[in-house]
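What follows is a single structure, written as structure tokens, with notes after it.
Everything numeric in this text was worked out from a predicted model, so none of it was measured. In this chain, residues are counted from 1 in sequence order.
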Amino acid sequence: MARVLLIEDDPAVQRGVSLALKRRGHEVAVAGSGETGLLTLERHRPDLVLLDLMLPNMSGLEVCRRIRESKRIPIIILSARGDEIDMVVGLEAGADDYIVKPAGAELLEARIRAVLRRVAPAQDGGSRDPADAGPERHADLTVDRTTLVVAKHGTELPLAPSELKLLLFLTATPGQVYSRQQLLEQVWEHSFYGDVRLVDACVMRLRARIEDDPRKPVYVQTVRGFGYRFGPL
């Protein structure tokens, strides 16, 4: 089970989510504001953050961006905002998943388990034999499936869990084209209500990390009308 940090200012939601998670064996720390959440993150070092968007003083989006500046910890946004723009902006800020409140305990648990599995993506990141010697080299990009370190020109890249899992999945079969729905099911392990924008947002963030020019991607290439593949071929 996991150590979960819930950053949520509504006392009723705090009680409900905390109780549901504790019943499933999770350890839960609660913060009622973004500032307190960031301090609690450093003190308790949770395995995962559940983050509301509508927080006092510091917004959930700002909290998400600050966490992403230095940490790979999985972040799930748990918000009453279900509009398309809110969802996309939250994912682009660095969240690994987005759940619209109110969410049932079973759905919440399933999403938590799926996101946590992405923290150790080498177990199912693709078809390559993990016993293969040494890290993989793709032009100036190096991918080590054992240590989960991705580097460019020898400098390690701070990828979020979903970005890392997506890259490991694509690099396992260079040149293979995957539809957005296939990536949604294989990498995120759920249909996300059929919303493939989760994939597009993650691809955009990954390109910003690994491409020299994200507008002209060399590694994560778009196949128009279908999906994505990994190059260079």
Side-chain angles (χ1 to χ4, degrees), residues 1-34 36-37 40-41 44-56 59-61 63-64 67-68 72-121 123-124 160-163 165-166 169 180-202:
M1 296 297 101
R3 297 189 307 275
V4 178
L5 171 58
L6 172 63
I7 306 178
E8 166 66 61
D9 66 322
D10 187 325
V13 176
Q14 289 178 357
R15 290 192 296 271
V17 173
S18 295
L19 181 60
L21 295 180
K22 288 177 180 178
R23 283 177 173 172
R24 285 160 175 78
H26 299 297
E27 179 184 331
V28 184
V30 178
S33 69
T36 304
T40 305
L41 180 69
H44 293 272
R45 299 187 179 278
D47 301 308
L48 178 140
V49 174
L50 285 177
L51 176 63
D52 184 26
L53 287 182
M54 300 177 67
L55 296 170
S59 72
L61 288 176
V63 174
C64 186
I67 294 174
R68 270 296 161 260
R72 288 183 176 180
I73 184 171
I75 301 171
I76 298 178
I77 289 178
L78 186 62
S79 176
R81 294 180 174 179
D83 294 340
E84 176 179 342
I85 186 63
D86 294 314
M87 189 179 301
V88 172
V89 170
L91 296 170
E92 290 178 350
D96 295 283
D97 207 339
Y98 193 112
I99 302 176
V100 179
K101 295 188 289 189
E106 294 300 326
L107 173 62
L108 184 58
E109 177 67 11
R111 295 292 182 84
I112 288 175
R113 288 178 179 271
V115 168
L116 287 175
R117 281 194 289 269
R118 279 173 244 158
V119 178
Q123 297 176 5
D124 57 358
S162 291
E163 297 162 10
K165 179 68 179 288
L166 177 61
F169 184 80
R180 290 170 173 82
Q181 188 62 39
Q182 286 175 316
L183 292 173
L184 196 62
E185 294 170 359
Q186 293 294 322
V187 177
W188 281 266
E189 302 180 31
H190 62 74
S191 64
F192 202 70
Y193 306 113
D195 195 333
V196 295
R197 289 168 298 183
L198 183 61
V199 177
D200 294 332
C202 188

(message) For a side-chain contact (heavy atoms from CB on, under 4.5 Å) check, start with the C-alpha distance between V4 and V17, then their side-chain angles and the critical distance, and finish with the verdict.
(response) CA-CA 11 Å; V4 178; V17 173; over 6 Å; no
(message) Return the CG to CG distance between L48 and L6, rounded to the nearest 0.5 Å.
(response) 10.5 Å
(request) Identify the residue among L51, I76, I77 that makes a side-chain contact (heavy atoms from CB on, under 4.5 Å) with Y98. (result) I77
(request) Rounded to the nearest 0.5 Å, what's the gap from CG on D200 to CG on L184? Could you check? (result) 10.0 Å
(request) Answer whether the closest heavy-atom distance between the side chains of L21 and I112 falls below 4.5 Å. (result) yes
(request) Over all heavy atoms of both residues, which pair between A105 and A20 is shortest? Give the atoms and the distance, please. (result) CB-CB, 4.1 Å
(message) Can you confirm whether D52 sits close enough to D10 that some side-chain heavy atom of one is under 4.5 Å from a side-chain heavy atom of the other?
(response) no
(message) Would you compute the distance between atom CG of D97 and atom CZ of R111 and round it to the nearest 0.5 angstrom?
(response) 4.5 Å
(message) Minimum heavy-atom separation for I73 and R68, please, with both atom names.
(response) O-NH2, 2.9 Å
(request) Looking only at non-hydrogen atoms, find the nearest pair between V63 and G34 and report the distance. (result) CG2-CA, 3.5 Å
(request) Identify the heavy atoms of A29 and T40 that sit nearest to each other, and give their distance. (result) CB-CG2, 4.1 Å
(message) Quick one, F169 and L183 - any side-chain contact, counting heavy atoms below 4.5 Å?
(response) yes
(message) I'd like to know if the side chain of D96 and the backbone of I75 have a donor-acceptor N/O pair within less than 3.5 Å.
(response) yes
(request) Identify the heavy atoms of V115 and P74 that sit nearest to each other, and give their distance. (result) CG1-CB, 3.1 Å
(request) Quick one: closest heavy-atom pair of L61 and A93, and the distance? (result) CD2-CB, 4.0 Å
(message) So, taking the atom named NZ in K101 and the one named CG in L53, what distance separates them when rounded to the nearest 0.5 Å?
(response) 8.5 Å
(message) So, taking the atom named CE in M1 and the one named CD in E27, what distance separates them when rounded to the nearest 0.5 Å?
(response) 12.5 Å
(message) Please check: side-chain N/O of Q14 versus main-chain N/O of E8, any donor-acceptor pairing under 3.5 Å?
(response) yes
(request) Check whether any side-chain N or O of H26 sits under 3.5 Å from a backbone N or O of A2 as a donor-acceptor pair, and report yes or no. (result) yes
(request) Report yes if some heavy atom in the side chain of E106 is under 4.5 Å from a heavy atom in the side chain of R24; otherwise report no. (result) yes
(message) With a 4.5 Å cut-off on side-chain heavy atoms, are D9 and S33 touching?
(response) no
